[in-house]
Amino acid sequence: MARAHWLVKSEPFKYSWDDLVKDGSTYWDGVRNYQARNNLRAMKVGDYAFYYHSNEGKEVVGIAKVTRSAYQDPTTDDDRWVVVDVEPVKPLKTPVTLAQIKADSKLQKIPLVTHSRLSVMPLEKPDFERILELSKIPSTRR
DNA sequence: GCCAACGTTGGC
DNA sequence: GCCAACGTTGGC
């Protein structure tokens with residue numbers, strides 16, 4: 001089956017891209033929303049996920065890879081919640097901001113725009129690639 | 001810091 | 001099972 005694409009959000013002061021790079025890998029905890037949880041469960045080893053900084057920055061900063069599929073969240077006894085393991089793949093050349101995504105005619109339907117509170121969301125491949133394209137535009141030309 | 005949007009909880 | 005109240009998230 002083809003690799004799936006995702007976007008995960010983190011508040012950078014809680015756990016930033018740099019933290020992930022520093023740690024080498026982490027488990028993605030803290031999801032307490034059923035829809036996001038279901039998305040976590042659908043992730044497979046090898047899937048790519050954009051790493052988005054919410055609140056501070058509000059931009060996609062890097063690409064992470066799923067290294068272990070969903071298992072019981074070690075931070076709670078509540079068996080409704082799961083985590084996945086992720087590791088950094090590479091940072092985006094230039095971050096892609098929410099404003100850019102909102103302004104892009106091809107990206108109007110992605111959950112980040114239509115469903116802003118969802119913290120783990122699937123992305124269609126063309127949308128994933130479109131965001132990658134945007135990240136190649138140097139910030140000086142924006 | 002405010003507030004809108006949305007999800008969850010709990011009373012009935 | 002409905003819906004009002006409440007809490008949380010996240011953009012601005």
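Just so it is clear: chains get the letters A, B, ... in the order the sequence lines come, proteins before strands, and each one is counted from 1.
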Original post:
Between A/S10 (side chain) and A/P12 (backbone), is there a donor-acceptor pair under 3.5 Å?
Top reply: no

Original post:
To the nearest angstrom, how far is A/K14 atom NZ from C/dT8 atom C1'?
Top reply: 12 Å

Subject >> Rounded distance (Å) that lies between atom C1' of B/dA4 and atom CG of A/L118 >> reply: 17 Å

Original post:
Is the NZ or CZ atom of A/R68 positioned over A/Y27's six-membered ring, under 6.0 angstrom from the centre and within 45° of the axis?
Top reply: no

Original post:
Does A/K65 pair with A/D47 as a salt bridge, N-O distance under 4.0 Å?
Top reply: no

Subject >> Integer-rounded Å distance: B/dC6 P and A/K9 NZ >> reply: 12 Å

Original post:
Which listed nucleotide (C/dC12, B/dC6, B/dT8) is nearest to the side chain of A/K102?
Top reply: C/dC12

**OP:** Using whole Å, report how far CZ of A/R37 lies from C1' of B/dG7.
**Re:** 14 Å

Subject >> Qualifying residue, where the test is side chain to side chain contact (heavy atoms under 4.5 Å, CB included) with A/Y48 and the options are A/V66, A/V89, A/V86, A/L7 >> reply: A/V89

Subject >> Nearest-angstrom distance from the residue atom CD of A/Q35 to C1' of C/dT8 >> reply: 15 Å

Subject >> Selection: residues 76-83 of chain A, any non-hydrogen atom under 4.0 Å of DNA chain B >> reply: none

**OP:** Check the distance between C/dC12's P and A/I101's CD1 and give it to me in whole angstrom.
**Re:** 12 Å

Original post:
Atom NZ of A/K14 and atom OG of A/S54: how far apart are they, to the nearest 0.5 Å?
Top reply: 8.5 Å

Original post:
Within less than 4.0 Å of OP1 or OP2 of C/dG11, is there a side-chain N or O belonging to A/H115?
Top reply: no

Original post:
Is the distance from OP1 or OP2 of B/dT9 to the nearest side-chain N or O of A/Y34 less than 4.0 Å?
Top reply: no

**OP:** To the nearest 0.5 Å, tell me how far A/L20 CG sits from A/Y15 OH.
**Re:** 5.0 Å

Original post:
Checking only heavy atoms, does the side chain of A/R32 share a donor-acceptor pair with the base of C/dT8 at less than 3.5 Å?
Top reply: no

Subject >> Sequence neighbours excluded - ring pair (Phe, Tyr, Trp, His ring centres under 6.0 Å) pairs with any residue from residues 107-131 of chain A >> reply: A/H5-A/F128, A/F50-A/F128

Subject >> Spacing of A/R117 atom CZ relative to C/dG7 atom P, expressed in whole Å >> reply: 14 Å

Subject >> A/N55 CG to B/dC3 P, straight-line distance once rounded to whole Å >> reply: 17 Å

